[in-house]
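Notes for the one structure printed next.
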There are 2 protein chains.
Amino acid sequence: MAMPKKTKNTKKTSPALQERSSRKTIIDVAKCAGVHWSTVSRGLNPEKRHLISPEMIERVEACAKKLGYRANAMASALRTQRSRTVGVIVSNLGDPVHPPIVRAIEDRFAEIGYVTIVGNTDNHPLRQAALIDRFIQQGVEGLIVATFERNDPGIAACVEANIPVVAVFRDPESEFIPSVRVDDAKAMELAVHHLAECGHRQIAHVGGPQNVSTGYHRYRGFRRACKVLAQDGVAPTAVFGEAFTVEEGEFACERLLTENPNITAIVAGNDMLAVGCLRHLRNKGISCPGNISLVGMNDMLFMDAIAPALTTISTPTAELGTQASHILIAMIKGTPVQNDRIVLKPVLLARDSVATIKLPTKARSSGFPDAAKGEVRIQRRQS
Amino acid sequence: MAMPKKTKNTKKTSPALQERSSRKTIIDVAKCAGVHWSTVSRGLNPEKRHLISPEMIERVEACAKKLGYRANAMASALRTQRSRTVGVIVSNLGDPVHPPIVRAIEDRFAEIGYVTIVGNTDNHPLRQAALIDRFIQQGVEGLIVATFERNDPGIAACVEANIPVVAVFRDPESEFIPSVRVDDAKAMELAVHHLAECGHRQIAHVGGPQNVSTGYHRYRGFRRACKVLAQDGVAPTAVFGEAFTVEEGEFACERLLTENPNITAIVAGNDMLAVGCLRHLRNKGISCPGNISLVGMNDMLFMDAIAPALTTISTPTAELGTQASHILIAMIKGTPVQNDRIVLKPVLLARDSVATIKLPTKARSSGFPDAAKGEVRIQRRQS
DNA sequence: CATTCCCGTGCACACGTTTGTCAAGAAACT
DNA sequence: AGTTTCTTGACAAACGTGTGCACGGGAATG
């Protein structure tokens, strides 16, 4: 019998109401200053402060500080219909791609006095829908969503509720909402060209789910790059994981190698899948990059410290969050946004997981476009 | 001149008010169902639903669904003084220790219909104070804080505001608030004993800031363990970083090795510092574990994938978040909490960053306590 | 001195909900 | 039939703040 001991004495009638009674209101401040509370309201509000005489402002502020007055954000929000709150929805905070994005968003909104509420969907459409619903109910002024699938029905719910939304990371390719993403296709092209320049011809893709833009465009970029290089003998192969996880990468890599034992390089859909590939290769005693080269994507934390240091495509995650925040802030303010379809440029970080293959000179011929300035950066380990 | 184009037509008078006018209220539902709005309120509230006839409930719910009614959480919160909101404060979401904690908290509170707001302090006391203030103002029903220093003055602000707080990860050792942490001292003892069993005698500590419980207790645990083993010739040394970062680990390791070139093993204050040590060792061409062994702490993501796979002490981060949530939920409900000082057990994960040193047999003598069951787990890499 | 104007302050209503109270009606009992 | 009990729904008062409007007084002007 887990019977509450002390709570029994609090009367049945709305315990919360008297519990919080210590909190000072605008009326307490007014009483202290000997003025009407509307004067206090104006004196404490920077936008209306000019209506009040300076000495009155000082008196009000002194009383407010003395009483430890804190404005009740709920009451204010109810009155003004502005909650100073934004929502961020990710699939899983435990995935290292997301925290930097959320962090950047929180920073941007903290600067303008907004608080950030977060939610995880684990890629369940129902959880996403429930989350959006809950956040709107909570009164968020805007939403930044990193989980939209292509043509996601959740978007309709948001525009119907007339609430600003911007998609980040994954681009639902909806005409109704802005988006901020990295050029996923371009990223895979960088990877394929890099491998081709290193002499690889049998290149495979370990991709992610195709129902989200990241997985889809990375695969398309991979195919496009392979097609461009087809004359040089580059032949594409692809397998897909059900999710962007280490485990799925491991399984997918196993399937890939049993069906195509002759490939020399893998372009993974992201670093999680790449780490999965690495794990499978290690388990099978296959050397990377000795036998098989590997390229990841996103440059998650510590990808330069794993063995071998992973060659990967850097995604400016913090910048994604910042740009998305800028757009959302503009939407909330009602300012027209100039560019509501932002695509950031990926950069290839050449580290240790790609080996160079010697080719007969005749095969080294044709037109691999020189990597454009800034698109490739060498980060070989010194040792 | 970035002049708004479309917003100009919305009258100057409180644009927000009419913008959101599409949102349905309880009154709309009442009108639709042809009843008084108080009836709607009760019909939609599970706790008061028994006061209303079943067919009336059905009618109300049908209208609510037809109109797409969503309760206004701000109005509800204002009336009931319960915002269904909790705040989580961490130093930096970008630090891989924190996301699993936040994730677990969000999960627990989502289950009971609460939303979670997050904030980062970057270890600035002022930012922490501002954040706590802002969150209280926002009306959070409770706070979970991972940034409290020992005897943190921020605690006073919370108890003064009469708002439930629980400390997680870092324990401020305050009598006023509950805390959930891992046994940091014990963790370091495990590390030292493990190294001693492997034959190490010149063991050093690369610690973190001593003003937070984690850094402090880990250092104390390290010293205690060394003292116990002093008869066997274990001699402690220690240097400290200014923060738990890779860079600080690198600098600290450099200082350590210039002053004490004869040490054979390092116990790092956490994995970040350990990775920093690793980086310095690599830059200096010192082999790990060949020349120097290394133990980290927390078992952050990918610590098993770096080179060498890091022997470290596992911290059950998700469990920390879950336990803290349980306590906070109990406090919010007014249920007495049975155990408000939870200390979880760390486990040593033996991987590849610790080498075994051959000792003259006479030195292998005395009483290294056998590792208690479950405290040490072997995770050697197979290759 | 009378009039106009402006600045600072007070008043009262509204934001959307929850909930104690109460009246009206039905059912049950004496 | 009269009285009590119970059910059901309506009423209105908050919760704490923002803001349009009105009013009063002092300064400026004719």
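None of these values were measured; they are calculated from a predicted model. Residue numbers start from 1 in every chain, and the chains themselves are labelled A, B, ... in the order their sequence lines are given, proteins ahead of strands.
Across all their heavy atoms, A:Asn151 and A:Glu173 have their closest contact at OD1-O, 4.3 Å. Between A:Gly139 and B:Arg23, the closest heavy-atom pair is CA-NH1, 4.5 Å. The two residues B:Ser83 and A:Met74 come nearest to each other via the heavy atoms CB-SD, 3.9 Å.
Checking D:dG16, C:dT17, C:dT19 against every side-chain atom of B:Asn45, the shortest atom distance belongs to C:dT19.
An OP1 or OP2 oxygen of D:dG16 is reached within less than 4.0 angstrom by a side-chain nitrogen or oxygen of B:Gln81. Between D:dG18 and A:Ser41, a contact under 4.0 Å exists linking OP1 or OP2 to a side-chain N or O.
Sorted by first then second residue, the ring-ring contact (aromatic ring centres under 6.0 Å, His included) pairs that include residues 111-140 of chain B, not counting sequence neighbours, are B:Phe109-B:Tyr114.
We find that CZ of A:Arg49 is positioned 14 Å from P of C:dG8, with the value rounded to whole Å. Spacing between atom NZ of B:Lys24 and atom C1' of C:dT17 amounts to 18 Å, rounded to whole angstrom units.
Counting heavy atoms from C-beta on, the side chains of B:Gln138 and A:Thr85 come closer than 4.5 Å.
For the segment residues 64-74 of chain B, no residue has any heavy atom less than 4.0 angstrom from an atom of DNA chain D.
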- Message: Across nucleotides 6-13 of chain D, 5' to 3', mark each nucleotide with B, S or - according to how protein heavy atoms within less than 4.0 Å reach it.
- Response: ---SBBBB

